[in-house]
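Single-structure report; data block below.
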Number of protein chains: 2
Amino acid sequence: MANIKDIARLAGVSASTVSRVINQSGYVNEKTRITIEKIMKQLDYVPNRNAVSLKTGRTGFLGIVAPYFNDSMNLLLSHFTMAAQKEGYNISLFMTLNDKNKEIQAFEMLRRKQIDAVLLLIRLNEWSVLEQYAKYGPVVTWQRLDSDIIHSVYMNQYDGYTLALEHLYKKGRRKIVNLYGNLESLNTRSRMKAYEDFCKKYNIHYNENFHGIASVKNGENMAQWWLKQKEKPDAFATLSDSVAAGLFTKAQEYGLDIPRDFSVMGFDDIEISRLLKLTTIHYPIDLQAKNAFIIIDNILNNKNTPSFPLSFHLVERKST
Amino acid sequence: MANIKDIARLAGVSASTVSRVINQSGYVNEKTRITIEKIMKQLDYVPNRNAVSLKTGRTGFLGIVAPYFNDSMNLLLSHFTMAAQKEGYNISLFMTLNDKNKEIQAFEMLRRKQIDAVLLLIRLNEWSVLEQYAKYGPVVTWQRLDSDIIHSVYMNQYDGYTLALEHLYKKGRRKIVNLYGNLESLNTRSRMKAYEDFCKKYNIHYNENFHGIASVKNGENMAQWWLKQKEKPDAFATLSDSVAAGLFTKAQEYGLDIPRDFSVMGFDDIEISRLLKLTTIHYPIDLQAKNAFIIIDNILNNKNTPSFPLSFHLVERKST
DNA sequence: TTGTAGGCGTTATCAC
DNA sequence: GTGATAACGCCTACAA
């Protein structure tokens, strides 16, 4: 593999001149520039990125960190990758499973200058631990977080959930069962608050809810639960399309008629909701991804690109 | 950030000795080793990987290249990542979309020593072009390829498809419609051959088939097609669970009874087939991923780990 | 406009 | 067992 000195020798110049041509920095005589470029092409020369990285302290790699990847996260991943690649960055992936150490290792890469920034989808360690690393490079998260150190492209679930509840109300539903996720999570809190406010607004007192309902399986179980109730609820608001899908398919299996027997609201607008024709809440993961990159790019390169505004919207299909 | 010289100075030794401790190579006095290790821990020292990479010509990064990522590919990605991380490697991701140049760029990283190996899921450029890069590092593909230069973890679709057909036969189906993918692809050829041999074996002459049927949408359209037929086929063998899912859900919408009206066979055994209870063909993507890593690891580190044997199996659910 | 020299942080080859 | 010393390939003051 040819290196910068080879090029310099063949062009009859010094390495620094070649470097200037490569990086388009400083002054270079037009004629010598052309000669050098020709020789680089001839020798099929490309700079050794490891040397560049050592020297500059930047690798052009951005890290994406998550315990695992599901549909929505893949969407985020795709759009972020596209945005990054467009600007010449590459992506490195860290699947932390449920290993806090793995997550730390990923952040260590930032410290070791193996990656220039981190996009954290779902965290394992405490924020206070992760914040320590922000001094080594920009850190952006998909999760809800109010911090000056770690940036967030989070969208307040309150608005989205309210949209879902309002839709069910408009469809005449008054006995809405809320299927929440993890009680500890801030998202769940937001949703609970949304339901509380919704009830106040319409003077509703029905309050049946479950938490820890996050999987297809969990959703399926809810169908059975519904069958057993005397006072039947007329709608389910869910955490995700997966939960809704489980509930919906199981209900069909039992011969129920959705939405006549009850409505099912999904959340996320992923593939499966399209397939099963579930009404759901769409949110712009693509724009979140772009915003995440914009934040990183702004910090890394002293730019000032504005973010995209984000908003939820209802996708009405046939389950409500 | 402390570097190796700082450690050396504080330990009262030379950088070389510190290096020996770090890499556990050569002889180091037990006592000095302990001192050095203590100081490294104190200063929270970690070697700068860029310097290591420059020196050794290895980065510890493995590239995964694909135009996009769907369910099966994500599964492959996960398992490969886990295997790689376990051995201290990291993953970098290249989404080529449909841009041949992007794919080349990814392979260029191999040449520039930014990554140590490539796992190629779906190619865009000609094999002959990509083979050029194999001299810069191991290249493994998920696709069918018979080459000494690029390695493959492909599984012959003939066997899997035969399994599907045999199952339908056992269920009394004799008019099986084949929904093939791209006619050009070697996979399609294998499937066609499987059907041909199947017909010979059972003396079947029915031969209705379509090609280019690869999406949910395509599957949906087949439901409508079935309705319009006078001589109704009694089964569909498909390219993928997505196609099967589209066909299945649309048929249900039309009030058809699967499998009474006709059987639907999926392929892949992804989430959606579990959800919709589609009979399908499972193949061990996890093992393919592990094998891909084993091949790379063997080459990179002169190991000789044997691969896992791979085989298809039938997952019988309710659509047949 | 170009060249020189020094350094980025490691590893590897020798001597000692 | 240990320590100089020379790479690895590039960038960047500074000098010319």
Side-chain angles (χ1 to χ4, degrees), chain A residues 1-37 39-40 43-60 88 108-116 136-137, chain B residues 1-37 39-40 43-61 88 108-116 136-137 301:
Chain A
M1 290 277 322
N3 62 28
I4 201 171
K5 280 187 188 166
D6 296 332
I7 306 296
R9 190 162 15 84
L10 288 168
V13 297
S14 79
S16 25
T17 306
V18 178
S19 175
R20 286 192 200 95
V21 172
I22 294 170
N23 301 300
Q24 309 178 350
S25 68
Y27 296 98
V28 171
N29 183 316
E30 185 65 12
K31 235 178 83 187
T32 58
R33 211 205 67 222
I34 292 177
T35 322
I36 291 174
E37 276 172 350
I39 293 179
M40 292 200 300
L43 292 208
D44 205 15
Y45 166 81
V46 280
N48 180 322
R49 280 290 314 192
N50 290 323
V52 177
S53 296
L54 174 59
K55 189 65 197 172
T56 62
R58 292 223 179 148
T59 58
E108 278 290 330
M109 305 275 291
L110 199 59
R111 190 154 80 99
R112 297 189 192 199
K113 298 170 179 297
Q114 283 246 85
I115 54 181
D116 297 343
Y136 302 115
Chain B
M1 291 276 324
N3 62 29
I4 200 170
K5 280 185 186 167
D6 297 332
I7 307 297
R9 188 162 16 84
L10 288 168
V13 298
S14 77
S16 337
T17 306
V18 178
S19 176
R20 284 194 202 93
V21 172
I22 295 170
N23 300 298
Q24 310 179 349
S25 66
Y27 295 97
V28 170
N29 184 318
E30 185 65 9
K31 232 177 89 187
T32 59
R33 210 204 68 222
I34 291 176
T35 322
I36 291 173
E37 277 172 349
I39 294 179
M40 292 201 297
L43 293 209
D44 205 13
Y45 165 81
V46 280
N48 180 323
R49 280 290 314 190
N50 289 323
V52 177
S53 296
L54 173 59
K55 190 63 193 169
T56 62
R58 293 225 178 145
T59 58
F61 271 90
E108 278 291 328
M109 306 276 292
L110 200 58
R111 190 155 80 100
R112 297 189 190 201
K113 299 173 178 298
Q114 284 245 86
I115 53 180
D116 297 343
Y136 301 116
N301 304 310

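Quick note on labels: first sequence line is chain A, next is B, and so on, each numbered from 1.
- Every residue two or more places apart in sequence or in another chain that forms a salt bridge (Lys or Arg N to Asp or Glu O under 4.0 Å) with R111(A) is listed here: E108(A), D44(B).
- Counting only residues at least two apart or in different chains, side-chain hydrogen bond (donor to acceptor under 3.5 Å, both in side chains) contacts with residues 18-28 of chain A comprise S19(A)-N23(A).
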Determine all donor-acceptor pairs shorter than 3.5 Å in which one atom belongs to a side chain in residues 1-10 of chain A; sequence neighbours excluded.
from: N3(A); atom 1: OD1; to: K5(A); atom 2: N; distance (Å): 3.0
from: N3(A); atom 1: OD1; to: D6(A); atom 2: N; distance (Å): 3.0
from: D6(A); atom 1: OD1; to: R9(A); atom 2: NH2; distance (Å): 2.6
from: D6(A); atom 1: OD2; to: N3(A); atom 2: N; distance (Å): 3.0

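- When rounded to the nearest whole Å, the span between CD of Q24(B) and P of dG1(D) equals 16 Å.
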Return all side-chain donor-acceptor pairs below 3.5 angstrom for residues 46-54 of chain A, not counting sequence neighbours, or 'none' if the list is empty.
from: N48(A); atom 1: OD1; to: N50(A); atom 2: N; distance (Å): 2.7
from: N48(A); atom 1: OD1; to: A51(A); atom 2: N; distance (Å): 3.3
from: R49(A); atom 1: NH2; to: T59(A); atom 2: O; distance (Å): 2.9
from: N50(A); atom 1: ND2; to: K113(B); atom 2: O; distance (Å): 3.0
from: S53(A); atom 1: OG; to: R49(A); atom 2: O; distance (Å): 2.8
from: S53(A); atom 1: OG; to: R58(A); atom 2: O; distance (Å): 3.1

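- In this structure, R49(A) atom CZ and dC10(D) atom P are separated by 11 Å, rounded to whole Å.
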side-chain contact (heavy atoms from CB on, under 4.5 Å) assessment of Y45(A) paired with I36(A): CA-CA 11 Å; Y45(A) 166 81; I36(A) 291 174; over 6 Å; no
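- Residues passing the side chain to side chain contact (heavy atoms under 4.5 Å, CB included) test with E30(B) are R33(B), I34(B), sequence neighbours excluded.
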Under-3.5 Å N/O pairs linking protein and nucleotides 12-16 of chain D:
none

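- Two end axes, each from the C1' atoms of five base pairs, can be drawn for the helix from dT1(C)-dA16(D) to dC16(C)-dG1(D); they diverge by 40°, to 10 degrees.
- With DNA chain D read from its 5' end, the first of the two nearest nucleotides for N50(A) and E30(B) is the one closest to E30(B).
- Listed by chain and number, the residues in a side chain to side chain donor-acceptor pair (under 3.5 Å) with T35(B) amount to none (sequence neighbours excluded).
- Less than 4.0 Å separates DNA chain C from at least one heavy atom of each of the following residues of residues 3-14 of chain B: N3(B), I4(B).
- One distance of note links CG of D116(A) with OG1 of T56(A); it measures 8.0 Å at 0.5 Å rounding.
- Chain B approaches DNA chain C within less than 4.0 angstrom (heavy atoms of the protein), and the contacting nucleotides run 5' to 3' from dG9(C) to dA12(C).
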